[in-house]
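Throughout, numbering of the chain's residues begins at 1 and tracks the sequence. None of the values given here were measured: they were computed from a predicted structure.
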Amino acid sequence: MGKSRVLVVGGTGYMGRRIVKASLEEGHPTYVIQRAEVGLDIDKLQMLLSFKKNGAHLIEASFNDHQSLVDAVKKVDVVISCMSGVHFRSHNILLQLKLVEAIKEAGNVKRFLPSEFGMDPARMGDAMEPGRVTFDEKMIIRKAIEDAKIPHTYVVANCFAGYFVGNLSQMSSLTPPKERVCLYGDGNVKVVFMDEDDVARYAIKTIEDPRTLNKTLYIRPPENVLSQRELVEIWEKLSGKKLEKINVSAQEFLAPIKSKHI
């Protein structure tokens, strides 16, 4: 039996490009949606062409053309969505409702992985704006998937290393602080930090694993479970420099967020 055929939607995005790479590396016939909306975005076009050079198949389709989505879905066994859900950048989570309708009509998909990969939205009921909208919309997509009885897997990887490790989990920069670091609370709460390339590899591994069918997969290797304080100590050892520690209480952390959304 051959490898499952995989369609990646949002393949030029932050996770999408990694999913495409992992799928190709695992030997899956890999298809990537090429949307007309790419337009004059030369970076995305060149990335799509690089996928093709590495063996992926490009399929022209648009969220404004339902039949094109249905036709694309009919070519594959597995659909993986990597639509952007970052509230401070492009935000396209609900576009997946059109993808759900196409998958339902096509009727051939053995597994659908919607755009998740971060925190589990089912456990984020107390999240605050501006980020809450992402979790609420992901739950809308989950309900649509389950109502349509589409075989699925939800991939949860918690904190992406690119956003939370290199900067020691500081909120204002993606690079490490040079003099002082803010610790949230006492800095001892354990967190799961995942390299995005590893998340993509795990996601691809799930698509033919019967244990993950209609389940939520929590990716949390023991070595990746660290406190913020432990993360800072690792950096101090690597850099050879001690940082001043500033403890930030929950009230101090939340105050500016609450003030913007009253």
Side-chain angles (χ1 to χ4, degrees), residues 6-26 28 30-64 68-69 72-73 76 78-100 102-103 111-121 130-131 133-135 137-138 140-142 145 152-166 174 194-204 206-207 217 219:
V6 176
L7 174 66
V8 182
V9 182
T12 59
Y14 186 68
M15 278 304 300
R17 70 192 72 171
R18 293 171 166 84
I19 293 287
V20 172
K21 181 173 181 286
S23 180
L24 289 169
E25 287 178 346
E26 284 292 316
H28 292 280
T30 303
Y31 298 75
V32 183
I33 292 288
Q34 179 178 343
R35 297 165 60 193
E37 292 84 352
V38 168
L40 297 175
D41 192 327
I42 188 66
D43 291 330
K44 286 187 177 181
L45 179 59
Q46 288 180 341
M47 191 181 304
L48 287 166
L49 293 175
S50 74
F51 294 157
K52 184 176 181 179
K53 183 178 179 180
N54 289 324
H57 307 276
L58 303 183
I59 302 179
E60 292 187 7
S62 170
F63 282 98
N64 297 319
S68 72
L69 290 177
V73 166
V76 300
V78 175
V79 177
I80 303 178
S81 173
C82 302
M83 302 297 294
S84 174
V86 183
H87 65 273
F88 54 82
R89 209 162 50 218
S90 58
H91 189 88
N92 300 311
I93 289 295
L94 290 183
L95 273 179
Q96 292 178 109
L97 291 173
K98 295 184 178 183
L99 189 55
V100 169
I103 293 170
R111 193 79 64 98
F112 177 39
L113 276 62
S115 184
E116 299 240 354
F117 309 113
M119 302 291 187
D120 184 355
V133 63
T134 296
F135 303 119
E137 291 184 356
K138 285 182 177 182
I140 291 172
I141 300 304
R142 284 191 180 191
I145 291 168
H152 59 272
T153 299
Y154 305 135
V155 178
V156 171
N158 293 292
C159 295
F160 285 169
Y163 283 96
F164 294 100
V165 172
L174 293 175
M194 286 299 304
D195 179 87
E196 292 86 335
D197 290 319
D198 288 341
V199 175
R201 293 186 188 100
Y202 278 111
I204 293 299
T206 70
I207 63 179
L217 174 71
I219 306 175

Undergrad: Among all residues two or more places apart in sequence or in another chain, which pass the side chain to side chain contact (heavy atoms under 4.5 Å, CB included) test with Arg111?
TA: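 Arg111 satisfies side chain to side chain contact (heavy atoms under 4.5 Å, CB included) with Val78, Leu113, Thr153, Thr212, Leu213 once adjacent residues are dropped.
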Undergrad: Short question: side chain of Lys44, backbone of Thr12 - any donor-acceptor pair under 3.5 Å?
TA: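 Absent.
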Undergrad: Do Val9 and Val79 touch side chain to side chain, with heavy atoms closer than 4.5 Å?
TA: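 They are in side-chain contact.
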Undergrad: What residues, two or more places apart in sequence or in another chain, satisfy side chain to side chain contact (heavy atoms under 4.5 Å, CB included) together with Lys52?
TA: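 Per chain and number, Lys52 pairs via side chain to side chain contact (heavy atoms under 4.5 Å, CB included) with Leu58.
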Undergrad: Tell me, please, which residues at least two apart from Gln34 pass side-chain hydrogen bond (donor to acceptor under 3.5 Å, both in side chains).
TA: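 Partners of Gln34 by the side-chain hydrogen bond (donor to acceptor under 3.5 Å, both in side chains) criterion come out as none, since no residue qualifies.
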Undergrad: Search all heavy atoms of Ala56 against all heavy atoms of Leu24 and return the closest pair with its distance.
TA: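 Heavy atoms only, the tightest pair is N-CD2, 3.9 Å.
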Undergrad: Could you tell me which residues satisfy ring-ring contact (aromatic ring centres under 6.0 Å, His included) with Phe117, sequence neighbours excluded, listed by chain and number?
TA: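 With sequence neighbours excluded, Phe117 shows a ring-ring contact (aromatic ring centres under 6.0 Å, His included) to no residue whatsoever.
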Undergrad: Applying side-chain hydrogen bond (donor to acceptor under 3.5 Å, both in side chains), can you list everything that pairs with Ser81, at least two apart in sequence or on another chain?
TA: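 Listed in chain order: Gln96.
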Undergrad: Can you tell me if Arg17 uses its side chain to pair, donor with acceptor, with the backbone of Gly13 under 3.5 Å?
TA: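 Yes, Arg17 side chain to Gly13 backbone: donor-acceptor pair under 3.5 Å.
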Undergrad: Could you name each residue pair satisfying side-chain hydrogen bond (donor to acceptor under 3.5 Å, both in side chains) that touches residues 54-63, not counting sequence neighbours?
TA: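 Checked against side-chain hydrogen bond (donor to acceptor under 3.5 Å, both in side chains) - neighbours excluded - the pairs reaching residues 54-63 are Glu37-Ser62.
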Undergrad: Can you list the residues that meet the side-chain hydrogen bond (donor to acceptor under 3.5 Å, both in side chains) rule with Lys21, with sequence neighbours excluded?
TA: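 Lys21 satisfies side-chain hydrogen bond (donor to acceptor under 3.5 Å, both in side chains) with Glu25 only.
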Undergrad: Give me the atom names and distance for the closest heavy-atom approach of Pro114 to Phe112.
TA: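 That closest heavy-atom pairing would be CD-O, 3.5 Å.
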Undergrad: Tell me every residue that passes side chain to side chain contact (heavy atoms under 4.5 Å, CB included) with Val165, counting only those two or more places apart in sequence or in another chain.
TA: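 With neighbours one apart ignored, the set is Ala161, Phe193, Leu231.
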Undergrad: Can you list everything that forms a ring-ring contact (aromatic ring centres under 6.0 Å, His included) with His28? Sequence neighbours excluded, please.
TA: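 Per chain and number, His28 pairs via ring-ring contact (aromatic ring centres under 6.0 Å, His included) with no residue.
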Undergrad: Only pairs under 3.5 Å count here: list side-chain donor-acceptor contacts from residues 196-204, not counting sequence neighbours, and write none if there are none.
TA:
{"from": "Glu196", "atom 1": "OE1", "to": "Gly162", "atom 2": "N", "distance (Å)": "3.4"}
{"from": "Glu196", "atom 1": "OE2", "to": "Tyr14", "atom 2": "OH", "distance (Å)": "2.5"}
{"from": "Glu196", "atom 1": "OE2", "to": "Gly162", "atom 2": "N", "distance (Å)": "2.9"}
{"from": "Asp197", "atom 1": "OD1", "to": "Arg18", "atom 2": "NE", "distance (Å)": "3.3"}
{"from": "Asp198", "atom 1": "OD1", "to": "Arg201", "atom 2": "NH1", "distance (Å)": "2.7"}

Undergrad: For Tyr154, what residues pass the side-chain hydrogen bond (donor to acceptor under 3.5 Å, both in side chains) criterion, not counting sequence neighbours?
TA: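 Once residues adjacent in sequence are excluded, the partners of Tyr154 under the side-chain hydrogen bond (donor to acceptor under 3.5 Å, both in side chains) criterion are Glu146.
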Undergrad: To the nearest 0.5 angstrom, please state how far the CG atom of Leu95 sits from the CD atom of Glu137.
TA: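 Reported value, rounded in 0.5 Å steps: 10.0 Å.
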Undergrad: Kindly say whether Met83 contributes a backbone atom to a donor-acceptor pair with the side chain of Ser115 at under 3.5 angstrom?
TA: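 Yes, because the side chain of Ser115 sits within donor-acceptor range (under 3.5 Å) of the backbone of Met83.
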Undergrad: Could you go through Met119 and Asn158, starting from their C-alpha distance and side-chain angles, then the distance that decides it, and tell me whether this counts as side chain to side chain contact (heavy atoms under 4.5 Å, CB included)?
TA: CA-CA 4 Å; Met119 302 291 187; Asn158 293 292; 3.6 Å; yes
Undergrad: For Ile141 versus Ile93, what's the shortest heavy-atom pair and its separation?
TA: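 That closest heavy-atom pairing would be CD1-O, 3.6 Å.
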Undergrad: Test of understanding: with side chain to side chain contact (heavy atoms under 4.5 Å, CB included), list the residues that count as partners of Ile140, not counting sequence neighbours.
TA: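 Ile140 satisfies side chain to side chain contact (heavy atoms under 4.5 Å, CB included) with Leu94, Leu97 once adjacent residues are dropped.
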Undergrad: Under a 4.5 Å cut-off applied to non-hydrogen side-chain atoms, are Val32 and Ile59 in contact?
TA: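 In short, these two side chains do not touch, never coming nearer than 4.5 Å.
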